[in-house]
Amino acid sequence: MNTFEELGLSQPMLETIQKMGFEKPTPIQAKAIPKLLEDNTDLVGLAQTGTGKTAAFGLPLIELVDIEHKIVQALVLAPTRELCLQITKELNAFSAHNSKMSILAVYGGADIIKQIKTLKKGVHIVVATPGRLRDLIKRKAIRLNEVDFVVLDEADEMLNMGFKEEIDEILEQTPDEKLTWLFSATMPPDVRRISKEYMSEPFEISVRGQQIANKDISHQYISIYPSERTEALKRFLDFDPASFGLVFCRTRRDSKDLADQLMKDGYNADALHGDLSQSQRDRVMERFRRRQIQVLVATDVAARGIDVSDITHVFHFNIPDDLAFYTHRAGRTGRAGKKGISLILMHPNDGHLIRRLEKTVKINFEKATIPTGREICELQVLNYVRILKNAEQSDELTDFLPTILDELKELSREEVIERLAALSFNRFLAKYRHAPDLNKNRRERSKSRDRNAPMKRFFINIGRIDVENKGQFLSILCKHGKISGSSIGKIDMNRNFTHFDIEESVANKLKDNFKKVSLAGRDIRLDESEPRKDKDNFKKFKKKKKKGGGSGGSNWKNKKKKRF
Ligand code: ADP
Ligand code: MG
């Protein structure tokens, strides 16, 4: 079936959905709508998120409700407050041709007295979260004894969130003859059990339908090695000071570590994962909702049911193991008509996974560029200047103005501006002064650095006997020196000492940080040394060494020989 006209909907309804821009029914709509309109049957509808399930039950519901009878005839249960609001909005849109239809959303966290008052006036359809509805039942504020239809929307998610008990209690209050329609993205055993328990011979529809693409989400990826992933993430956060984001990690450990790192670096971050108690989780969520947390780092499991609106960015610290999770994750942004970005920080070897994802979820990914230090600084400075320009003047300052002007009289307008900006930005500029372009890989970068940044050469008494390879050596330098690996140039490693090049700008920092370092009980000595011998000599020397003839080499080599 390819048109709404064939589904048995009324003429006014057809006009309404046409005005909404729905051109043709999705597979689940095509199958469910005629069935629900014609037959008095229970129904189980399985289809992925974003396949139009709301209209699949919503259109028949609006058609079947008796508008003259102002009493709760239909009950829709959904797992979160946001979903309740979304469903209510959509049901209202479906009944645009019927001004008498009254639909009420009830959910926790909102004024219960107000909800009770509206209920008293009489409503046709209640869209509720299980928790709040149970409260209303307990207060005897709602009667469900005339309910003809119960819809369990996102049943899998409701059970995941532990609403089984509430659902039991609610359904007990409804008449036996009612019809139950269950919609879910998946059919885990718990959902199967519910359908057995509460439904009689339900008609089952399962579609692997294509999702209606959410045009408000832009899907992007970057290719980055794990060692630079955090840095790349921070660039995106810095590039968009108004960003409000969710980062997905694979494990609890990863999310905790990442959140810790971000906090240490001055971001308003926190972690949400399975090691937290329920009350700890609630607290984190509350702070996130209030925007006291700018970036929330979460695991897939813990992030289920996050119903925070206006999330601007979803970052995937890795491609989800189960590709179907991708849409779940990405769907946290681009809600309620707002734009959102879903960005994967992909390992450079995982390009094939992106292509597979493009096929399975039918989304096109765009390769993003990682903001450079310069771009970030420029944006932040501009932002600051705009704030400065729009700042409200305060009357209280007027009295002091002559003194201030007098104090500043030697400075030109340009100088004042420069200094103001410097005050706010020196920290930022310093952070990004030598920031590498992460869009280039290390090799490309080290080439260009050899040409640009001034370097110094150092000696350190760590050598091959102490470390397994240069990588480990580098990580010791970075860890104890608190410097970035990208500031290290050539490393010449010997048996028990090493010479290496380092960018002049961080050389002192390294020296200071290494003053008290000891390794396996041995003091580490770090000294500046002569700049590297010119390259030709060095190459010759290396060649000789390879041939195995080292006899006539430098003093240095002879000395070494004697020693061992
Ligand atoms: P689900 O409940 O399956 O996750 P929704 O019912 O929330 O999906 O629908 C997702 C989006 O698709 C909504 O914005 C909805 O308005 C829109 N939509 C639903 N059906 C159609 C259709 N037939 N044509 C165009 N858009 C549709
Ligand atoms: Mg839905």
Side-chain angles (χ1 to χ4, degrees), residues 1-41 43 45 47 50-78 81-107 114-115 117-128 142 144 146-154 178-181 183 205 209 212 214-216 335-338:
M1 262 182 256
N2 277 323
T3 64
F4 278 110
E5 280 76 14
E6 295 165 68
L7 304 182
L9 294 161
S10 69
Q11 197 53 41
M13 180 59 97
L14 288 173
E15 281 163 26
T16 297
I17 50 186
Q18 197 194 354
K19 275 187 208 140
M20 288 178 71
F22 288 16
E23 282 164 14
K24 54 180 202 160
T26 66
I28 184 103
Q29 290 164 1
K31 286 190 174 150
I33 293 171
K35 192 81 195 159
L36 296 177
L37 285 174
E38 301 272 310
D39 300 344
N40 278 334
T41 176
L43 180 129
T51 49
K53 293 192 288 296
T54 318
F57 66 78
L59 298 179
L61 210 54
I62 299 291
E63 297 272 57
L64 293 168
V65 161
D66 177 2
I67 198 78
E68 303 305 332
H69 207 48
K70 221 172 176 187
I71 188 163
V72 183
Q73 296 169 51
L75 183 62
V76 181
L77 291 180
R81 156 205 158 102
E82 193 189 71
L83 271 167
C84 281
L85 288 169
Q86 227 166 278
I87 294 167
T88 308
K89 199 169 144 203
E90 197 129 357
L91 293 183
N92 274 319
F94 296 154
S95 45
H97 54 280
N98 203 334
S99 59
K100 281 200 219 154
M101 182 72 72
S102 167
I103 304 165
L104 176 69
V106 300
Y107 46 83
K114 228 173 165 178
Q115 293 173 354
K117 273 191 191 149
T118 317
L119 279 170
K120 274 203 181 125
K121 285 189 208 147
V123 298
H124 298 100
I125 303 176
V126 168
V127 185
I142 188 167
L144 300 177
E146 304 252 1
V147 164
D148 297 319
F149 308 96
V150 172
V151 181
L152 303 172
D153 193 24
E154 304 229 4
K178 65 161 186 297
L179 299 178
T180 307
W181 305 341
F183 287 85
I205 300 173
I212 307 152
N214 182 340
K215 294 187 197 74
D216 292 326
R335 293 194 171 205
K338 297 232 170 75

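Treat the numbers as computed from the prediction; the structure is a model and nothing was measured. Below, all heavy atoms of this structure are taken into account, side chains as well, without hydrogens, waters or symmetry copies.
- T54 OG1 to I28 CD1: the interatomic distance, rounded to the nearest 0.5 Å, is 11.0 Å.
- Of all heavy-atom pairs spanning M101 and S95, the tightest one is CG-OG, 3.8 Å.
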### Task
Walk me through it: do K19 and T16 pass the test side-chain contact (heavy atoms from CB on, under 4.5 Å)?
CA-CA 5 Å; K19 275 187 208 140; T16 297; 5.7 Å; no

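- Looking at residues two or more places apart in sequence or on another chain, you find a side-chain contact (heavy atoms from CB on, under 4.5 Å) between H69 and D66, I71, Q73, E146.
- Of all heavy-atom pairs spanning A47 and K53, the tightest one is O-NZ, 2.8 Å.
- When side chains are defined from C-beta on, I17 counts as touching L9, because their heavy atoms get closer than 4.5 Å.
- The two residues C84 and A105 make their nearest non-hydrogen contact at O-CB, 4.3 Å.
- Applying the salt bridge (charged side-chain N to carboxylate O under 4.0 Å, His left out) test to residues at least two apart or on different chains, the pairs with a partner in residues 28-40 are K35-D39.
- Formation of a donor-acceptor pair under 3.5 Å by the Q29 side chain with backbone atoms of K24 is not found in this model.
- Contact check for I125 versus L91: side-chain heavy atoms found under the 4.5 Å cut-off.
- Looking at W181, its side chain never comes within 3.5 Å of a backbone N or O of D153 through a donor-acceptor pair.
- In this structure, OG1 on T180 lies 10.0 Å from CG on L75, to the nearest 0.5 angstrom.
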### Task
Let me see the working for L36 and F149 under side-chain contact (heavy atoms from CB on, under 4.5 Å), right down to the final yes or no.
CA-CA 11 Å; L36 296 177; F149 308 96; over 6 Å; no

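- Listed by chain and number, the residues in a salt bridge (charged side-chain N to carboxylate O under 4.0 Å, His left out) with E68 are K100 (sequence neighbours excluded).
- Closest of all the heavy-atom pairs between M13 and E63 is CB-OE2, 3.6 Å.
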### Query
Under the side-chain contact (heavy atoms from CB on, under 4.5 Å) criterion, do L104 and V72 qualify, and how do the steps go?
CA-CA 10 Å; L104 176 69; V72 183; over 6 Å; no

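- Within the 4.5 Å cutoff, the side chain of I103 has heavy atoms near those of the I62 side chain.
- Taking the six-membered ring where the residue is Trp, F57 and F183 present tilted rings, their angle falling between 30° and 60°.
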### Message
Between L61 and F94, does the side-chain contact (heavy atoms from CB on, under 4.5 Å) criterion hold? Intermediate values first, please.
### Response
CA-CA 10 Å; L61 210 54; F94 296 154; over 6 Å; no

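- Listed here is the closest heavy atom pair of S102 and G122: OG-O, 3.6 Å.
- Of all non-hydrogen atoms in L37 and L7, the two that sit nearest each other are CD1-O, 3.5 Å.
- Looking at heavy atoms from C-beta onward, V126 lies in side-chain contact with L119 at the 4.5 angstrom threshold.
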